[in-house]
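See structure below.
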Amino acid sequence: MYMQQKSGKCTAGFSKNTYYQFMQNPHINWLRLTILLAERIVNGHLKDLTSDQRPNRFITLVLKERSECHRDDQEDRQAHNRGKRRIMAQSKGTDVVIQLLDQALKAGLTAKYVMFDTWFSNPHQIVQISQRGLNVIAMVKKSSKITYEFEGKRMNVKQIFNACKKRRGRSRYLLSVPVKVGDPAKDGAQIDARIVCVRNRSNRKDWIALICTDMTIDENEIIRIYGKRWDIEVFFIAW
């Protein structure tokens, strides 16, 4: 709005003071507003510009927000405006992702995949997202505490990698295996997924693992789709 006013192109039917009063209103649900705005932009303007064959994706980025509350007039004023966001900032990131997905879906935003890195990659999170009708493509955390069912045994991703024969030559990936994710007693369900191990492009001697709950696409498509997440993350870091 500032740039439109400066260039003389602002056609808004309200004054600058009205805009600032709206920005300072402590009763505005900013999270709801931004989700509805995103829905209007995506469904009203961007969706028709994208091919039906190109999958839409929700992409999670780890954003840090200050959660301390200093008791002065300025912070008191902002505390009303950011109350719900402050609660989210103090909550577990994995819980916040599910809350935001639910609100986005309720507002009418749709996607075929949810993509995230190892920060959010755990079986419980993957099962929860799958139960909402969404597929996951994520980077797997190399933790001995996180296990999957592979060939009837509970194994972590390092054990799976070491137990399997790797592909040779110039293949885009080293290993691809089907696994089952989740514990019905703890996570409420168990779902099928595929783990694809690829070389770490930052260190050719190392490897990373991707997990995908969409069993209808092949390994190259999993790598291609997740590669878009890398591009977007680099954009945000550069920006």
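Residues take their numbers from the sequence shown, with the count starting at 1. Predicted, not measured: the structure shown is a model, and the values here were computed from it.
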Calculate, to the nearest 0.5 Å, the distance between atoms [atom1] and [atom2] belonging to [X] and [Y] respectively.
X    : Y    : atom1 : atom2 : result
Q99  : L101 : CD    : CG    : 10.5 Å
D214 : I225 : CG    : CD1   : 7.5 Å
C197 : K166 : SG    : NZ    : 8.0 Å
D102 : I35  : CG    : CD1   : 10.0 Å
C212 : M115 : SG    : CE    : 10.5 Å

Is any side-chain heavy atom of [X] closer than 4.5 Å to a side-chain heavy atom of [Y]?
X    : Y    : result
L174 : F161 : yes
I195 : I211 : yes
K142 : D206 : yes
Y113 : I217 : yes
F150 : V177 : yes
V140 : Y148 : yes
T213 : I129 : no
Q103 : R32  : no

Residue pair I98, R132: steps toward the side-chain contact (heavy atoms from CB on, under 4.5 Å) verdict
CA-CA 10 Å; I98 298 299; R132 285 158 171 78; 3.3 Å; yes

Run the numbers on I146 and V157 for side-chain contact (heavy atoms from CB on, under 4.5 Å), then give the verdict.
CA-CA 8 Å; I146 299 178; V157 69; over 6 Å; no

Tell me the closest heavy-atom pair linking [X] and [Y], and the distance in Å.
X    : Y    : answer
A107 : L36  : CB-CD2, 4.2 Å
M155 : A163 : CE-CB, 4.0 Å
S143 : N156 : O-CB, 3.4 Å
L175 : C164 : CD1-CB, 3.4 Å
R199 : S171 : NH1-O, 3.5 Å

Is there a path of hydrophobic side-chain contacts, each under 4.5 Å between heavy atoms, that joins W119 and L134?
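Both belong to a single hydrophobic cluster.
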
Do Y20 and F22 belong together in a cluster built from hydrophobic side chains that touch within less than 4.5 Å?
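Yes.
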
Decide side-chain contact (heavy atoms from CB on, under 4.5 Å) for K180 and I191; before the verdict, give the C-alpha distance in whole Å, the side-chain angles of both, and the deciding distance to 0.1 Å.
CA-CA 6 Å; K180 291 188 178 296; I191 61 173; over 6 Å; no

Do any N or O atoms from the side chain of [X] and from the backbone of [Y] form a donor-acceptor pair under 3.5 angstrom?
X    : Y    : result
K141 : M139 : no
Q190 : G182 : yes
Y226 : E221 : no
D187 : A189 : no

Pick from E149, E151, R194: which one makes a side-chain contact (heavy atoms from CB on, under 4.5 Å) with P178?
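It is R194; the other options fail the test.
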
Check the surroundings of atom [atom1] in [X]: do more than 12 heavy atoms from other residues, nucleotides or ligands lie under 6.0 Å from it?
X    : atom1 : answer
Y173 : OH    : yes
K106 : NZ    : no
R154 : CZ    : yes

Go through it in stages, so that I can follow the logic: the residues are N135 and I137, the test is side-chain contact (heavy atoms from CB on, under 4.5 Å), and I'd like the CA-CA distance, side-chain angles, deciding distance and then a yes or no.
CA-CA 7 Å; N135 282 302; I137 300 180; 5.9 Å; no

